[in-house]
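Heads up, the thing below is written out as structure tokens.
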Amino acid sequence: MGHFNWFNLVPFLDKYSSHKTVHMLMASLITVICIIISVVMYKKFRKIKDPEIPDDKFTGRTIFELLGEVLLALASDVMGEKSARKFFPVLASVFLFIFLNNAISLIPGFVPATDNLNTTLACGIFIFLYYNYVGVKEHGIAYFKHFLGPILWLSPLMLPIELISHSVRPLSLGLRLFGNITGDHLVLGIFSDLVPVGVPVVFMGLG
């Protein structure tokens, strides 16, 4: 497919659909999709009289409940059930945005926003600012004590180490997500050129 994308076919977007701006367009599209899904599912769940009773057939609600339970269980293992439920809306929002970006890349002509370092760094910076904000909100000025390490006399050594460790987290998170998606596309492209039938499906599934 080369650098083809579906934005080339939209008259008023074709001049903005260069390789530099297509990621921004995709990020905007995925954001709109996330909002639509959230509004539709919210209205649907509000109409349910007894949310404890599952649907009698496989529906969109079933899919979202399954994904929600898996994500909540994973978060509970890391931070405990109480904290997991408290921060679940943020975790689920970031998960849905990244998941849809990665999944839409399996459709020819769509370039995921997570294939661009600007998007992945933005996600990393958001998480970095959010967890530090929550830390200060929950613990006040005492939050910064963990930068000094467990033993007071080690604080001159631990402080610069902790500051550097925290400062590079947005970069490490952004680079890791960017590297995963870019690497997947590179491998998929190579095998699609070598064996265009059958074999690429395996790597699309892994992606």
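Nothing here was measured: the structure is a model prediction, and the numbers come from that model.
- For the pair L121/P170, no side-chain contact is recorded, criterion being any heavy-atom separation below 4.5 Å from C-beta on.
- In this structure a side-chain-to-backbone donor-acceptor pair under 3.5 Å is missing from S165 to I161.
- We find the CG-OH distance between N132 and Y143 to be 3.5 Å, quoted to the nearest 0.5 Å.
- Judged by distance alone, with hydrogens and angles left aside, the side-chain atoms of S172 form a donor-acceptor pair with the main-chain N or O of R169 at under 3.5 Å.
- A pairwise comparison of heavy atoms in S76 and E81 identifies OG-CA, 3.6 Å as the closest pair.
- Ring geometry, Y133 versus Y130: the interplanar angle falls from 30° to 60°, so the pair is classed tilted.
- Of the residues L29, L177, I30, the one that meets the side-chain contact (heavy atoms from CB on, under 4.5 Å) test with N101 is I30.
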Please walk me through it: do I37 and L100 pass side chain to side chain contact (heavy atoms under 4.5 Å, CB included)?
-> CA-CA 11 Å; I37 291 175; L100 289 178; 4.1 Å; yes
May I have the step-by-step check of salt bridge (charged side-chain N to carboxylate O under 4.0 Å, His left out) for K86 and E138, ending in yes or no?
-> CA-CA 13 Å; K86 180 178 180 180; E138 294 287 334; 2.4 Å; yes
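- Going from atom CG of L175 over to atom CG of L117 covers 5.5 Å, rounded to the nearest 0.5 Å.
- Placement of L72 and M79 within a single hydrophobic cluster is found when ILVMFWY residues are connected by side-chain heavy-atom separations under 4.5 Å, directly or transitively.
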Report the C-alpha separation of H166 and F147 in whole Å, then their side-chain angles, then the decisive distance to 0.1 Å, and conclude whether the ring pair (Phe, Tyr, Trp, His ring centres under 6.0 Å) test is met.
-> CA-CA 9 Å; H166 279 264; F147 288 98; 4.8 Å; yes
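- Shown here for F97 and C123, the closest heavy-atom pair between the two residues is CE2-SG, 4.0 Å.
- In terms of hydrophobic clustering, with Ile, Leu, Val, Met, Phe, Trp and Tyr side chains grouped at heavy-atom distances under 4.5 Å, I104 and V32 are assigned to different clusters.
- The number of heavy atoms from other shown groups lying within 6.0 Å of CZ (F95) is above 12.
- Criterion: ILVMFWY side-chain heavy atoms under 4.5 Å apart, direct or through other members. Under it, L66 and L74 are not part of a common hydrophobic cluster.
- With rounding to the nearest 0.5 angstrom, the CD1 atom of I36 is 11.0 Å from the OG1 atom of T31.
- When every heavy atom of D115 is checked against every heavy atom of F178, the shortest pair comes out as O-CE1, 3.2 Å.
- F126 and V90 make their closest contact through CE2-CG1, 4.0 Å (heavy atoms, listed as atom of the first residue, atom of the second, distance).
- A continuous path of hydrophobic side-chain contacts links I141 to L159 [ILVMFWY only; heavy atoms under 4.5 Å].
- Note: K82 NZ to F87 CZ = 10.5 Å, rounded to the nearest 0.5 Å.
- The two residues G174 and T120 make their nearest non-hydrogen contact at O-OG1, 3.0 Å.
- Between the CG atom in N116 and the CE atom in M26 there is a gap of 12.0 Å [rounded to 0.5 Å].
- By the 4.5 Å heavy-atom criterion applied to side chains, V136 and F144 are counted as neighbours.
- Transitive grouping of hydrophobic side chains (ILVMFWY, heavy atoms separated by less than 4.5 Å) brings L163 and I127 into a common cluster.
- Going from atom CG of L91 over to atom OG of S83 covers 10.5 Å, rounded to the nearest 0.5 Å.
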